[in-house]
A.B. asks: 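Can you read through this structure? Questions will come right after.
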Amino acid sequence: MTARIIDGKAIAQEVRAEWKLRADALKARGITPGLAVIIVGEDPASKVYVANKVKACAELGLHSVHVALPADTSETALLAKIAELNADPKIHGLLVQLPVPKHINSDKVLNAISPEKDVDGFHPLNVGALATGNMRFAPCTPYGALILLQKSGVEIEGKHAVVVGRSNIVGKPMALLLLQHNATVTICTSKTSDLAKHTRDADILVVATGKPRMITGDMIKPGAAVIDVGINRMADGKLCGDVDFESAKEVAGWITPVPGGVGPMTITMLVANTVQSAERAAA
Ligand code: NDP
């Protein structure tokens with residue numbers, strides 16, 4: 001079997017167009033959805049992510065505010081900036097790009113963001129809302145992975161979904177989203193014994209480990225939908241996923257490439273969460 005390639009770029013464009021219509025409808029009522037992104041320090045990768053987030057907002061005609069603070073910004077000063085943006089009615093989505101410098105407590109930062117504006121979905125209240133089936137904001141990467149499955153026509157209800165990885169930003173929320181869509185969900189971690197036994201049983205396999213090409217074709221059930229969240233920069237400068245694409249595509253029914261799979265969906269869902277937040281504020 002040769003898998004159908006899930007084209008994340010094309011699906012992201014389609015989803016952005018859908019959300020642009022919703023943003024335009026708000027703008028017609030005099031409300032422009034607004035996103036504020038705070039970055040502390042000079043981490044080059046973080047700067048690229050932030051620039052891309054701001055650019056995506058501009059492309060959809062959203063209001064965006066980019067706050068760049070020096071690396072030696074105190075925790076108190078950062079919390080004060082968050083409080084100011086929490087109170088700004090033009091801002092519907094607010095995030096602090098992680099990681100923050102070591103002298104700042106990231107939990108305190110995430111807790112300080114208003115849950116109503118927490119478009120990353122990392123505030124404990126929003127994590128709890130997702131866990132109890134009352135989702136307000138789903139974290140953008142797993143939300144994007146879910147949309148890729150849905151837009152590709154992959155059936156989720158009643159299927160066995162295996163998520164490899166249990167981080168707070170990808171693995172755990174991914175498992176919760178799949179559970180909410182009535183999949184039977186298994187979560188595997190670095191402590192799982194006989195990982196392949198579990199992955200071979202997956203109708204839907206989502207991999208988010210940060211371990212380049214660790215899932216090979218022989219670990220995949222024929223016909224499975226494989227979502228590769230991993231982004232790894234190799235010594236030759238090229239990107240690869242956590243799935244060995246070449247062997248996996250011969251066995252899977254659907255597969256996301258890296259790059260061009262989950263990656264383009266993450267920022268798309270950030271924009272979606274921002275528009276949705278503005279819709280709620282306007283209701
Ligand atoms: P973390 O390092 O936070 O978590 C990795 C998870 O993988 C952990 O739960 C770990 O288990 C598990 N793991 C590691 N090795 C193994 C193994 N051999 N077998 C089974 N499980 C294993 O990573 P993230 O979740 O933040 O990111 C994962 C990947 O996704 C990375 O490549 C990252 O770059 C990418 N990513 C991509 C995004 C996108 O926009 N496409 C956004 C965010 C991340 P344990 O808990 O036991 O340590």
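Indexing begins at 1, ligand by ligand and atom by atom, following the structure's order.
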A.B. asks: Is Arg280 close enough and on-axis enough to Phe137, meaning under 6.0 Å and within 45°, for cation-pi?
C.D. replies: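 Yes, Arg280 and Phe137 form such a contact.
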
A.B. asks: Out of curiosity, Ile267 CD1 to Glu59 CD, how far, rounded to the nearest 0.5 Å?
C.D. replies: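 Reported to 0.5 Å precision, the distance equals 9.5 Å.
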
A.B. asks: Should Val206 and Val251 be counted in the same cluster of Ile, Leu, Val, Met, Phe, Trp and Tyr side chains packed under 4.5 Å apart?
C.D. replies: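 The answer is no; the residues belong to distinct hydrophobic clusters.
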
A.B. asks: Applying a heavy-atom distance cut-off of 4.0 Å, which protein residues contact ligand 1?
C.D. replies: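 Residues within 4.0 Å of ligand 1: Thr141, Val164, Gly165, Arg166, Ser167, Ile169, Val170, Thr189, Ser190, Leu195, Ala208, Thr209, Gly210, Lys211, Met214, Val229, Gly230, Ile231, Asn232, Asp242, Val262, Gly263, Thr266.
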
A.B. asks: When you compare the side chains of Thr141 and Thr266, does any donor N or O come within less than 3.5 Å of an acceptor on the partner?
C.D. replies: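 A donor-acceptor contact under 3.5 Å links the two side chains.
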
A.B. asks: Considering only heavy atoms from C-beta outward, does the side chain of Thr268 approach that of Leu270 to under 4.5 Å?
C.D. replies: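 Side-chain contact under 4.5 Å: no.
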
A.B. asks: Under the side chain to side chain donor-acceptor pair (under 3.5 Å) criterion, do Gln97 and Lys53 qualify, and how do the steps go?
C.D. replies: CA-CA 10 Å; Gln97 185 67 40; Lys53 288 171 185 178; 2.8 Å; yes

